[in-house]
Amino acid sequence: MEKEEMIRRFEGVYGIDNRIATKNLVPGRKIYGENLVSIEGVEYRLWNPKRSKLAAAILRGLKEMPLKSSSKVLYLGAASGTTASHISDIACEGLIYCVEFSPRVFRELLAVCALRSNMIPILADAQQPMRYAALAEKCDFIFQDIAQPNQTEIFAQNALVFIRRQGSAMIAIKARAIDAAAKPKEIFQRELKKMRSYGFEVLQEVPLEPYERDHLLVHACWRG
Amino acid sequence: MALYIAKNVLGAFSFDESGKLVDKEFFPKNADEIAQKLKVTELTAEEKALAKRLSGQEIIFERDAPNIAGEILRSELDRVLAEAGITRAEYQELLREVSFALARLGLREFAEEKDRLAIQATAALEDVDESANLLAERLREWYSLHFPELSTLVDEHRKYAQLAQMARDKIAGSEAIEKAARASIGAKFAENDAAAVAGFAKRLQELYELRDELENYISSLMGEIAPNLSALAGPLLGAKLIALAGSLENLARMPASRIQILGAAKALFRSKRTPKHGAIFQHPMIKSAPWWHRGKIARSFAAKIAIAARVDAGSKQNVAEELKQGLERRVEALKKSYSSEPKRMRIIRTEFEKPKRKWRKRR
């Protein structure tokens, strides 16, 4: 994709050579050992598609990504904050609620959130959105990357509580997490059907090969 | 007209069905306090106070599902902030502080290695048992000066301790006991002598009660930290295994073969053949099984325990039922295929030379 085209399509995402990058919200600091590039006095963080599914989706032809600098984002499965930090770069004037369940990994996320004032750490199980309902508000965008068999149900439950009307959402579906034995294509079809029945309108499906195996990133819109 | 109450980091708010803000109750402006309030699932004092003020009307709180109040708080936050006289920046600052405070609380909870508590409690239980037995023996000897027959009649130390607090003629027990009391050859105790031994017996009884408390504590602790292991092997045996392994994580890392003989260290190092079972022998499933089943059951049991421990160490799933069923099936199968006692082989020495073994028998 051409640099200009990318800049036009995705606010906050820049193309440098053949890679993509985001503008560093906290110049001088790396989050996960990524490369920093300075161009005309502005520092960018190179976005690694092998470590971040969102980056992989962008490189694999994601058509729309409705993140703006003022976006409020709910990130389910923030892990150590790799992808979340790039979202934080993009939504530099917005807010990212980062939900992560595992305490070991959450510790690292906490450090990232401490560095960036637009990231809010939430140590909770995404299967129980009411547990953090008092903390977060309705968001413009939900991003989910959780490896659980009931991923889609979790997605829907959280959308019910936290998505704005006409809000947008993306979920990275991991076929193996849903059913380690069945064919990924069948699993994806089933999950997409479920999503539609829950109230999502599927806008685009992006397979993430070669960056991830048997993963499908789905961009959907919440119809309620 | 129902009223809806929900909360956020600022406090509790109530709205009516049309979305009008009816009343509010702010939290104290202290991040740690707010975190404490938001952490629990029970209603906060502020929500209760609000509800009280609005008594007479139907109140709907936000607990398991979103309600109108929560929806407004989450989607019209700026309006609520204006009512509260707080800027967005101030709110976000508070939100950050509260979320970090909550994070610290959450992490601390996980960091409290609860299995350490289980290990200490188990050790304490063993100490109590040892002490109780020691004291029970002493009590028997002492009280037998007054009522020697009781010791033979009451096997259970606990019951004995209870009865030994009274003079023999005041004991209300079985016929045999009362009869023996009347015909006892023991000495009569003066008041202060009786009081002395009764006091001792009472302390012993309290020790048994302490034992009960410890067991309950261990059971509830195990239910929390290792529910599958607890359901499969019983909380006490489970705790014992964790103690022998050193931690739940250690236990989870062990191969089933090791779990099978945890607690049999002495037997291992004596020149015996590898023991069939260690601590798990105590479980009724093995203890009450016929001797030719035990090794086989121990093996299966240890395997299931290994799985349970791994699940408990790593996740919050519930596999105990399946594991138990698998085990029961195995035991049933054993009953069928190995129903009769195999003949024990006895080697009879004869006058002839023992045939030379080509391989050395593993000891």
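Chain letters run A, B, ... following the sequence lines, proteins first, then strands; residues in each count from 1. Computation of the quantities below employed the complete heavy-atom set of this structure, encompassing side-chain atoms and omitting hydrogens, waters and symmetry-equivalent molecules.
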For the student: nearest non-hydrogen atoms of [X] and [Y], plus distance:
X        : Y        : value
A:Met130 : B:Asp64  : CG-O, 3.3 Å
B:Thr41  : A:Arg131 : CG2-NE, 3.7 Å
B:Leu77  : A:Glu137 : CD2-OE1, 3.6 Å
A:Phe106 : B:Ala103 : CE2-CB, 3.4 Å
A:Pro103 : B:Leu107 : O-CD2, 3.5 Å
B:Arg96  : A:Asn118 : NH1-N, 4.4 Å

If I measure from the heavy atoms of chain B, does [X] come under 4.5 Å with its side chain, its backbone, both, or neither?
X        : answer
A:Ala124 : neither
A:Ile122 : neither
A:Phe162 : side chain
A:Cys113 : both
A:Leu95  : side chain

key: Min side-chain heavy-atom separation B:Leu38-A:Leu135 under 4.5 Å   =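 The answer is yes, as the side chains (C-beta and beyond) meet within the 4.5 Å cut-off.
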So for atom [atom1], which belongs to [X], do other residues, nucleotides or ligands contribute more than 12 heavy atoms lying within a distance under 6.0 Å?
X        : atom1 : result
A:Arg29  : CZ    : no
B:Lys29  : NZ    : no
B:Arg258 : CZ    : no
B:Lys37  : NZ    : yes
B:Lys39  : NZ    : yes
A:Lys194 : NZ    : yes

query = Salt bridge or not for B:Arg88 and A:Glu93, using N-O below 4.0 Å?
reply =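 A:Glu93 and B:Arg88: not salt-bridged.
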request  = Hey, could you give me the CD/OG distance between B:Gln92 and A:Ser117, rounded to the nearest 0.5 Å?
outcome  =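 Answer for the CD-OG pair, B:Gln92 versus A:Ser117, is 8.0 Å.
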request  = Quick one: pull up CG in A:Leu110 and OG in B:Ser99 and give me the separation to the nearest 0.5 Å.
outcome  =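 These two atoms lie 8.0 Å from each other.
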key: Which portion of B:Arg63 sits near chain A, non-hydrogen atoms under 4.5 angstrom   =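 For B:Arg63, the backbone is the part near chain A, not the side chain.
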